[in-house]
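One-based numbering along the sequence shown. Below, each value reflects all heavy atoms present in this structure, side chains not excepted, and no hydrogens, waters or symmetry copies. Remember, it's 1-based here, ligands and their atoms both numbered in the order they're listed.
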Amino acid sequence: MRMTVIGTGYVGTVHAACMADIGHEVLGVDIDAERVAALAAGRAPLHEQGLDALLASGVSAGRLRFTTSLAEAAAFANLHFICVGTPQRPDGAGADLRYVDSVVEGIGPRLRPGALVVGKSTVPVGTAARLAGRLADLAPGTEVAWNPEFLREGSAVHDTMHPERLVIGVSSDRADALLRAVYWPMRRAGIPVFSTDPATAELVKVASNAFLATKISFVNAMAEVCDSAGADVTVLARAMGADSRIGPQFLDPGLGFGGSCFPKDIRAFAARAEELGAGEAVAFLHEVDRINTRQRRRTVDRARELLGGTFAGRRVGVLGAAFKPGSDDVRDSPALAVAAAAQAEGAAVRVHDPQALDNARAACPDLTYTLDVPKACEGADLVLHLTQWPEYRAIDPAALAGVVRTPLILDARNSLDPRAWGAAGWAFRALGRPLSTVGGAS
Ligand code: UDX
Ligand code: UDX
């Protein structure tokens, strides 16, 4: 099938490459000419497992092309996926829909009769209906559907090729059949498809993200209670997660969630519900957000306390800048926020990350960066473990103890082994865990 993918960011690039891989003819569209040129040469604008190979094979097979022209896109296909970003509004908590709107304004007058415009971006419920109204004027006889994605950064290609479900929000059987045909290999693999109206489809996405964010904030709230009660949140989370009704996923306590989705999505959901008169129903999302941002503050406070009450003149080695392991994305990264706060209070901060340094440098140019863990920790009065990359679990604590000034570490992700670090002479500290269980030197 022929299709365009408009907006080649995280979602769009992965979607375009995966659609070409399953045999479709795909034209990727972006306003960023540099990005389009790189993609056309088979270079991905982001670090994602398996993406480079898919891009290269799609481009060389001629099934995947890129352009900056919406006119070319409109002429190329009758099926258009919108994947542009929907960030938080600069002046409020709601979603900024200007990019989605500008795509519709740009392509609308050029659409061929019968065209189907399918949103993948995460949007406030009611957006598809509003865009359908606009297209009724700009391009009569066209249709709007919503088909949210659930991909996670770091496993985006896998999540697109092997999703746990497909959600198709349509207003006609024709659109439903068309979208089911797009995803033929997934359907053949028995992946469940939920066909519904566009509003429900829009809501499935925001409700899913809100639920996951709530689960994380729940366990982080428990970490705070554990700190006050002298209990261990890591054991609590594992024991809770062993109940199959609760499940262990998204129950890792620590520095909280960041990235380009959860923070802005829960704010946009609450804002939209308020507009609809249903604000009270999701008022708890404000609390979820507050708990989440509090974890960054708690980490900074704890680090300052460990340094004897001030960051001024202290050296801090930071492990991790990405918003989560497996990604080079630093958008709303809790790790980078903590590193920047320590530096702002007078510490000399040196940050290590295996993948995200270029993005981190662009976002926070004042921090010092290195690709070498011992260099990041050289002469440090405190080491902060802020993103749980697997390579940090493979660090030899005894060797690292030899480069720091004081062997003192705060594990803000609760993923290092306190006993191993303690045995190597480190004072090991964590959020939501008493000294008696983390053990080690004090
Ligand atoms: C996506 C979704 O669209 C968003 O709703 C969801 O919540 C997270 O994932 P993402 O892929 O992260 O967003 O967006 P981003 O990486 O910011 O890329 C957006 C792309 O669209 C950029 O390449 C930008 O140049 C392009 N763009 C933007 C257009 O092509 N046209 C525009 O008018 C605006
Ligand atoms: C999320 C959703 O999972 C995905 O379905 C949606 O399409 C986009 O948003 P993503 O932002 O890539 O994906 O990352 P995810 O793995 O969900 O992690 C989000 C944040 O939560 C990260 O900062 C991560 O470190 C944090 N997190 C996750 C926790 O703090 N604890 C956990 O137990 C799980």
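Taking every non-hydrogen atom of Cys83 and a distance limit under 4.0 Å, the qualifying atoms of ligand 1 come out as 3 (O). Counting atoms of ligand 1 from 1 in the listed order, those under 4.0 Å from a heavy atom of Arg35 are 22 (C), 23 (O). Atom numbering of ligand 1 starts at 1 in the shown order; those under 4.0 Å from a heavy atom of Thr122 are 4 (C), 5 (O), 6 (C), 7 (O). Counting the atoms of ligand 1 from 1 in the order shown, those under 4.0 Å from a heavy atom of Cys261 are 7 (O), 8 (C). With ligand atoms numbered from 1 in the order given, ligand 1 contributes 1 (C), 9 (O), 11 (O) to contacts under 4.0 Å with heavy atoms of Val11.
Lys120 does not count as a contact of ligand 1, since none of its heavy atoms falls under 4.0 Å from the ligand. At least one heavy atom of Arg331 sits under 4.0 Å from some atom of ligand 1.
No cation-pi contact links Arg350 to Tyr369, judged by a cut-off of 6.0 Å to the six-membered ring centre and 45° from its axis.
For atom 33 (O) of ligand 2, the closest heavy atom belonging to the protein is Asp252 N, 2.8 Å.
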_Evaluation steps, side-chain hydrogen bond (donor to acceptor under 3.5 Å, both in side chains), between Ser217 and Asn220_ = CA-CA 5 Å; Ser217 276; Asn220 285 335; 5.4 Å; no

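Here the two rings, on His352 and Tyr392, have centers that are under 6.0 Å apart.
Annotation: side chain of Trp421 is in contact with side chain of Leu400 (closest heavy-atom distance under 4.5 Å).
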